[in-house]
J.: 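The structure follows.
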Protein chains: 2
Amino acid sequence: MQSYTEENYLKIIYHLSVISNPVQTNAIAEKIQTKAASVTDMLKKLSDKELVDYVKYQGVTLTEKGKLAAINIVRKHRLWEVFLVEKLNFKWDEVHDVAEELEHIKSTLLIERLDEFLEFPKVDPHGDPIPDQHGNFAAISFVKLNRLKVNDKGTITGVSEHSSPFLKHLEKLGLTLGKKIEVSEIIDFDGSVELSIDGNKINISREVAKHILISK
Amino acid sequence: MQSYTEENYLKIIYHLSVISNPVQTNAIAEKIQTKAASVTDMLKKLSDKELVDYVKYQGVTLTEKGKLAAINIVRKHRLWEVFLVEKLNFKWDEVHDVAEELEHIKSTLLIERLDEFLEFPKVDPHGDPIPDQHGNFAAISFVKLNRLKVNDKGTITGVSEHSSPFLKHLEKLGLTLGKKIEVSEIIDFDGSVELSIDGNKINISREVAKHILISK
DNA sequence: AAAAATTTTTAGATTTGTCTAAACTTATAA
DNA sequence: TTATAAGTTTAGACAAATCTAAAAATTTTT
């Protein structure tokens, strides 16, 4: 069994390893809001427990065991987010911190019953896929909104940025999951994108477009 | 704000202080599964934070601030228990350990929304009252089943023992919350009680009867 | 390929909560 | 009222997770 802190490290390493593998000490330190020296200490510990493969100065990779543990935490986090939004009327920008705590509750029965109660959701309120008990994800295909061409259509199915200000901004613009959009113009000057949504036209910056995931 | 451990101490002191006040070091040590020396250390810390009044060798009492903190944890514990039983189909003997973890999740919004979602329950699955946001309990009156006389009638409204074996035993006998019972005989020899319940007659030991709470 | 910059690790200290063993208080009994 | 027992506290140590400062390794630049 892992401690609360160990679980957080595993989860962060998991998320970072999607971007680049092996994961660097400093990258972990930044995400976990701690110092590189503390990360080194923890990596040794996780390595002793065979949750990560760690080579001094070279970074870490999750072992199969570590990866399973990490995915399990991600599963719990995302199920709790669904619960908060669907059952307790939280907004999608309010769920992260609470789910961050709830994800560490240790009870297999609890999480399986919660999954059932929520009717086995496949994605969380940000469109991220929820792995099943065995750690398998349903394949979800999407493109970033900034990659679309003029006249391309699609549905908003996710976001790649989870900060509250960003999510509130999208909410205000009506850019929520499930909404259908069409690209009406791409402004050369700044790369910003003009969209049709709900019959209106709105302009969003390239920076915002980058973090909106679209499926056909 | 209190740590996870501090919260546990406050909760235990609260429960013990109902039985005898001030609360003794050893009583806490036993409940919290630790050594008296560790308790002494923690009492000093809680005293520094003005959560308890602590006099060396004399025991502790919760301050108003400590009592509010403790009741808030009890509130969260009991609301989560209701959630587990009502929404996730946990049995009443399965909820304690999970609620023990859930009670430490820090989010006022979460707990107020949960309360609303559960439609403001007044009691938990064991019949214990759930304090409101301000720490007020609804008055619940009851007598212990072993105090009833022959022909006395009443409804099971609570239990004063929360162990899984005890609760499973009651469940097997059909002695669950809300059930109406009538005392048909009290056996002098061992103090055991014969009850009518659902048209059947059953015999329960005095020890079991002591922990069943009855209201008229 | 040596110098400079960046990244990472080590060494030693700190905090929280725990422990054992010994010392001290209070309560009980002879 | 002294002796004994029970309960509590102190002193000193330890494990987990963190930190700072300095040393070491790696990468980048010149």
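A note on names: the letters A, B, ... follow the listed sequences, proteins ahead of strands, and every chain is numbered from 1.
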J.: Within this structure, what is the NZ-to-C1' distance between B:K49 and C:dT16, rounded to whole angstrom?
T.: 10 Å

J.: What integer distance in Å separates B:Q58:CD from C:dC24:C1'?
T.: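 After rounding, the gap between these two atoms is 14 Å.
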
J.: Any side-chain donor-acceptor pair under 3.5 Å between A:N203 and A:S192?
T.: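 A:S192 and A:N203 do have a side-chain donor-acceptor pair below 3.5 Å.
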
J.: Within less than 4.0 Å of OP1 or OP2 of C:dT18, is there a side-chain N or O belonging to B:K35?
T.: no

J.: B:H77 and B:D124: side-chain donor and acceptor closer than 3.5 Å?
T.: no

J.: Rounding to an integer number of Å, can you tell me how far A:I28 CD1 sits from C:dT9 C1'?
T.: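 Whole-Å distance recorded here is 14 Å.
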
J.: Check the distance between C:dT18's P and B:K44's NZ and give it to me in whole angstrom.
T.: 14 Å

J.: Is the shortest side-chain N/O distance from B:T25 to OP1 or OP2 of D:dT9 below 4.0 Å?
T.: yes

J.: Using a 4.0 Å heavy-atom cut-off across all strands, classify B:T40 as base, sugar-phosphate, or nothing.
T.: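 Touches a base.
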
J.: Check the phosphate of D:dT18 against A:Y9, side-chain N and O only, distance under 4.0 Å to OP1 or OP2. Yes or no?
T.: yes

J.: Examine C:dT10: is either OP1 or OP2 under 4.0 Å from a nitrogen or oxygen in the side chain of A:Y57? Give yes or no.
T.: no

J.: Would you mind classifying the nucleic acid contact of A:T5 as base, sugar-phosphate or nothing, using non-hydrogen atoms under 4.0 angstrom?
T.: sugar-phosphate

J.: Set out, in order, the CA-CA distance, both residues' side-chain angles and the distance that settles side chain to side chain contact (heavy atoms under 4.5 Å, CB included) for A:H211 and A:V159, then state yes or no.
T.: CA-CA 5 Å; A:H211 294 298; A:V159 290; 5.6 Å; no

J.: Under 4.0 Å between a side-chain N/O of B:S3 and OP1 or OP2 of C:dT16, yes or no?
T.: no

J.: Check the distance between D:dA16's C1' and B:Y4's OH and give it to me in whole angstrom.
T.: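 It is 16 Å, rounded to the nearest whole Å.
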
J.: Whether A:K56 contacts C:dT7 is assessed here as follows: a side-chain N or O lying under 4.0 Å from the phosphate OP1 or OP2. Is that the case?
T.: no

J.: Using whole Å, what does the distance between atom C1' of nucleotide C:dT18 and atom CE of B:M42 come to?
T.: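 That distance rounds to 10 Å.
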
J.: Is A:N26 close enough to C:dT6 that one of its side-chain N or O atoms is under 4.0 Å from OP1 or OP2 there?
T.: no

J.: Given atom CG of A:L43 and atom C1' of D:dA16, what is their separation to the nearest angstrom?
T.: 15 Å

J.: Taking only residues at least two apart or on different chains, which pairs with a member in residues 11-56 of chain A satisfy ring pair (Phe, Tyr, Trp, His ring centres under 6.0 Å)?
T.: none

J.: Rounding to an integer number of Å, can you tell me how far B:D41 CG sits from D:dA11 P?
T.: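 Those two atoms, CG and P, are 11 Å apart.
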
J.: Side chain of A:T34, heavy atoms from C-beta onward: which of D:dC19, D:dT9, C:dC19 has the nearest atom to it?
T.: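 So the nucleotide nearest the side chain must be D:dC19.
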
J.: Quick one: does B:E161's side chain have a donor or acceptor within less than 3.5 Å of a partner on B:F166's backbone?
T.: no

J.: Determine: side-chain N/O of B:Q24 to OP1/OP2 of D:dG7, distance under 4.0 Å, yes or no.
T.: no

